[in-house]
Amino acid sequence: MRIPIQSVTPSSGQAEVVGWVHEVRDLGGLAFFLIRDRTGIIQVTIPKKKASEAVLSAAKRVSRESVVRVAGIIKAIDKAPGGRELVPDVFEIISLADSPLPLDVVEKVPADLDTRLDSRFLDARRPRVAAVFQIRSAAMHAINQYLHNEGFINITTPKIVAAATEGGTELFPIAYFDKEAFLNQSPQLYKQMMMAAGFEKVYEIGPIFRAEEHNTTKHLNEATSIDIEVSYADHLEVMRVLEEMIVKTYEYVSMNCSDQLTNLEIPDFSIPKTPFPRLCYGDAIEIAKKKIEDPIRYGDDISPAAERAIGAEMGGHYFIVDWPSEIRPYYAMPFETDPSICKAFDLMHPRMELSSGAQRVHQHDLLVEQIKKKGLNPESFEFYLRPFRYGIPPHAGWGLGAERLVMTMLGLSNVREAVLFPRDMHRLVP
RNA sequence: GCCCAGGUAGUGUAGUGGCCCAUCAUGUUUGCCUGUCACGCAAACGACUCGGAUUCGAAUUCCGACCUGGGCGCCA
């Protein structure tokens, strides 16, 4: 019976392992095969004079990255990796790999990201790459667990939608029988409808699609959004949820993924401290003004250069709050005392924006007014406005980019590293 | 979409007008080797993105296309 390579010890006696041929070192009368599965690597040693004909012929025929089944006696040998080696009675080729390989799994020679993504299934055999996705999985688990424990209801909303209700970003049009439809850019409106439905606390982790022709290391055309919406909460309350969730996620990864962090050479994985600083938008602009050459004024969007400058000053996660209403969407709640600013926020990592959210406008008439102020036509927002006419609690929420969370957590240089099969302007396959 | 830098064996690279029937590493094949662990040694195999131009001569210069990386824009 197959056992994980990690669990083979010098005292295992007889053992059978199944895995990939990682490396071959043939010394003539003696040959070493390194066999790798997802748990580790074991040395298989074949003394040619003593080995059976079947073992020898399979060993001769096998290529790197073929899947093999190897069974035999485990010997304790100090010189071997893990202090043990397997001397096989059985050496069976289960799946022979073509040669040459499209990329070097053993990493003697590096490969460009583009080459790696073309052969992602091979790339992901590398422990360093597998570690990223194991950590991503752990992070998603921690997030689900946290939100569940906080009383959130997990919902699933449509990704095929009828219209671009939010404005702004470009949508992907699709053919939907005889109608025109789009891939959803955000679950925003559906989350809000569930506030009208009385669910109070909802979350969704799902794909979002943006048809922007951006070409950067932090944008994807298909991304994963972690979204929450909470009734009777203001922006401050959901910011607290967000920072607590981030910290719990880091803690969980730190506790459960030490091998993966070692693989990724992140020995000093540090957990952010709460509360994250709250930086007013106006103060953020002042910091940027001092540090960058490009002119920037109150009311401008924060450019990547400004983002980096402010990030360097802040040194860790932080919120930008008190945004001018005119540069936030119509559904962001203006402050009663000063409607020129609103209850919107961005969660920033020193490298980039991770999340944005707000207390939402829940008053139907104010919403109509704000839509008009943005130069939009309220009539085309009827689908969005309807729930606001039948009693909807005040509410707030945010959306957090899962890939950016993983990217910043692990210091990845390109967001594509945090996605198995990234979709960007130029990549639709595999 | 704009700007910049690129495109050379399966992979990663060197080469900026003749010294290139193209460097190095890895890989693959063959031979030798009983303790390797990036095994070693010997030999062989394998590439200038495509199209056009300049030139006696182009991997190298120019033009166009396609592709890649980075930055910007766009992305509430």
Side-chain angles (χ1 to χ4, degrees), chain A residues 22-34 41-51 60-61 63-65 75 77-83 85 87 97-119 122-123 126 164-171 185-186 188-189 208-221 223 294 301-308 323-332 342 344-346 352-353 355-358 360 370-371 373-376 398-399 401 404 413-416 424-427:
Chain A
H22 187 69
E23 257 189 288
V24 181
R25 299 187 192 113
D26 187 344
L27 274 58
L30 188 66
F32 300 105
F33 288 79
L34 298 183
I41 289 180
I42 189 168
Q43 176 167 290
V44 169
T45 302
I46 303 179
K48 292 191 184 167
K49 280 183 186 161
K50 294 180 193 163
K60 175 97 179 151
R61 216 162 55 80
S63 54
R64 287 168 69 216
E65 294 303 317
K75 289 188 175 168
I77 300 269
D78 286 343
K79 284 178 272 189
E85 67 182 13
V87 181
D98 269 358
S99 181
L101 297 163
L103 62 86
D104 177 19
V105 176
V106 180
E107 288 190 274
K108 282 182 188 171
V109 179
D112 290 341
L113 182 59
D114 188 54
T115 306
R116 292 170 44 207
L117 292 176
D118 281 341
S119 300
L122 274 175
D123 183 49
R126 297 156 58 197
T165 37
E166 285 190 55
T169 188
E170 293 289 318
L171 301 187
Q185 60 165 129
S186 152
Q188 168 81 22
L189 310 184
I208 56 168
F209 304 92
R210 309 221 161 161
E212 299 298 332
E213 294 185 348
H214 34 43
N215 203 344
T216 78
T217 53
K218 55 187 182 187
H219 287 90
L220 293 162
N221 292 295
D294 297 335
D301 280 320
I302 297 177
S303 70
E307 235 172 59
R308 283 191 295 269
W323 287 77
S325 300
E326 60 176 25
I327 57 170
R328 300 299 289 207
Y330 59 84
Y331 52 71
C342 65
F345 60 89
D346 278 359
M352 71 190 79
E353 176 190 333
S355 169
S356 66
R360 324 295 190 186
Q370 298 236 117
I371 288 169
K373 258 192 217 162
K374 295 280 174 192
L376 302 166
W398 44 254
R404 287 186 179 189
S413 58
N414 192 315
V415 72
R416 291 163 182 78
D424 62 37
M425 253 180 92
H426 304 293
R427 184 171 286 279

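Chain identifiers are assigned alphabetically (A, B, ...) following the order of the sequence lines, protein sequences preceding nucleic acid strands; residue numbering begins at 1 within each chain.
- Rounded to an integer number of Å, the gap from CD of E353(A) to C1' of rC74(B) is 14 Å.
- The pair R416(A)-D114(A) fails the salt-bridge criterion, with no side-chain N (NZ, NE, NH1 or NH2) lying under 4.0 Å from an Asp/Glu carboxylate O.
- With a 4.5 Å cut-off on side-chain heavy atoms, I327(A) and D301(A) count as touching.
- The strand RNA chain B forms stems, runs of 3 or more Watson-Crick or G-U wobble pairs with distances below 3.5 Å, at B:1-7 with B:66-72, B:10-12 with B:24-26, B:27-32 with B:40-45, B:49-53 with B:61-65.
- At distances below 3.5 Å, not a single donor-acceptor pair connects side-chain atoms of E212(A) with backbone N or O atoms of N221(A).
- One atom, CD of Q185(A), and another, C1' of rC74(B), lie 14 Å apart when rounded to the nearest Å.
- Taking the C1' atoms as reference points, rC3(B) lies 10 Å from rG73(B), given to the whole Å.
- When all heavy atoms of K218(A) and P304(A) are compared, the closest pair comes out as NZ-CB, 4.4 Å.
- rU28(B) and rU54(B) have their P atoms separated by 45 Å, given to the nearest Å.
- Going from atom CG of D424(A) over to atom C1' of rG1(B) covers 15 Å, rounded to whole Å.
- A gap of 41 Å separates the C1' atoms of rG57(B) and rC41(B), to the nearest Å.
- Residue order along RNA chain B, read from the 5' end via each residue's closest nucleotide, puts A305(A) first among A305(A) and H219(A).
- Looking at heavy-atom distances under 4.0 Å, T217(A) makes contact with sugar-phosphate atoms alone, never a base.
- Between the P atoms of rG7(B) and rA44(B), the separation comes to 29 Å (whole Å).
- Residue contacts shown for N414(A) are limited to sugar-phosphate atoms, with no base heavy atom under 4.0 Å away.
- As rounded to whole Å, 13 Å separates atom C1' of rC75(B) from atom CE of M425(A).
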*In the 5'-to-3' direction, what one-character label does each nucleotide of nucleotides 26-36 of chain B receive under the scheme B = base within less than 4.0 Å of a protein heavy atom, S = sugar-phosphate only, - = no such atom?*
SSS----BBBB

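- A pairwise comparison of heavy atoms in Q185(A) and I208(A) identifies O-CB, 3.4 Å as the closest pair.
- Annotation: rC72(B) and rU11(B) have their P atoms spaced 30 Å apart (nearest Å).
- Between the CG atom of D123(A) and the C1' atom of rG12(B) there is a distance of 14 Å, given to the nearest Å.
- Nucleotide rG71(B) holds its P atom 16 Å from the CG atom of D294(A), rounded to whole Å.
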_Evaluation steps, side-chain contact (heavy atoms from CB on, under 4.5 Å), between R360(A) and Q188(A)_ = CA-CA 10 Å; R360(A) 324 295 190 186; Q188(A) 168 81 22; 3.5 Å; yes

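- What separates CG of D118(A) from P of rG12(B) is a distance of 10 Å, to the nearest Å.
- R116(A) comes within 4.0 angstrom of nothing in the nucleic acid, heavy atoms only.
- Side-chain atoms of R116(A) never come within 3.5 Å of backbone atoms of L122(A) as a donor-acceptor pair (strictly under, hydrogens ignored).
- Listed by chain and residue number, E23(A), D104(A), V106(A) satisfy the side-chain contact (heavy atoms from CB on, under 4.5 Å) test with K108(A) (two or more places apart in sequence, or in another chain).
- More than 12 heavy atoms of other residues, nucleotides or ligands sit less than 6.0 Å from atom CD of E107(A).
- Rounded to a whole angstrom, the distance from the C1' atom of rC50(B) to that of rA14(B) is 24 Å.
- Of the side-chain N and O atoms in H426(A), one or more sit less than 4.0 angstrom from OP1 or OP2 of rU68(B).
- When the P atom is compared between rU23(B) and rC48(B), the two are found 13 Å apart, to the nearest whole Å.
- Taking only distance into account, the side chain of H214(A) never meets the base of rC75(B) through a donor-acceptor pair shorter than 3.5 Å.
- Here the side chain of D112(A) pairs no donor or acceptor atom with the backbone of T115(A) at under 3.5 angstrom.
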*Just do the salt bridge (Lys or Arg N to Asp or Glu O under 4.0 Å) check on D26(A) and K60(A) with the steps written out, would you?*
CA-CA 10 Å; D26(A) 187 344; K60(A) 175 97 179 151; over 6 Å; no

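- The same atom, C1', is picked in rU8(B) and in rG15(B); the two are 9 Å apart, to the nearest Å.
- If you measure from atom CD of E307(A) to atom C1' of rG71(B), you get 14 Å, rounded to the nearest angstrom.
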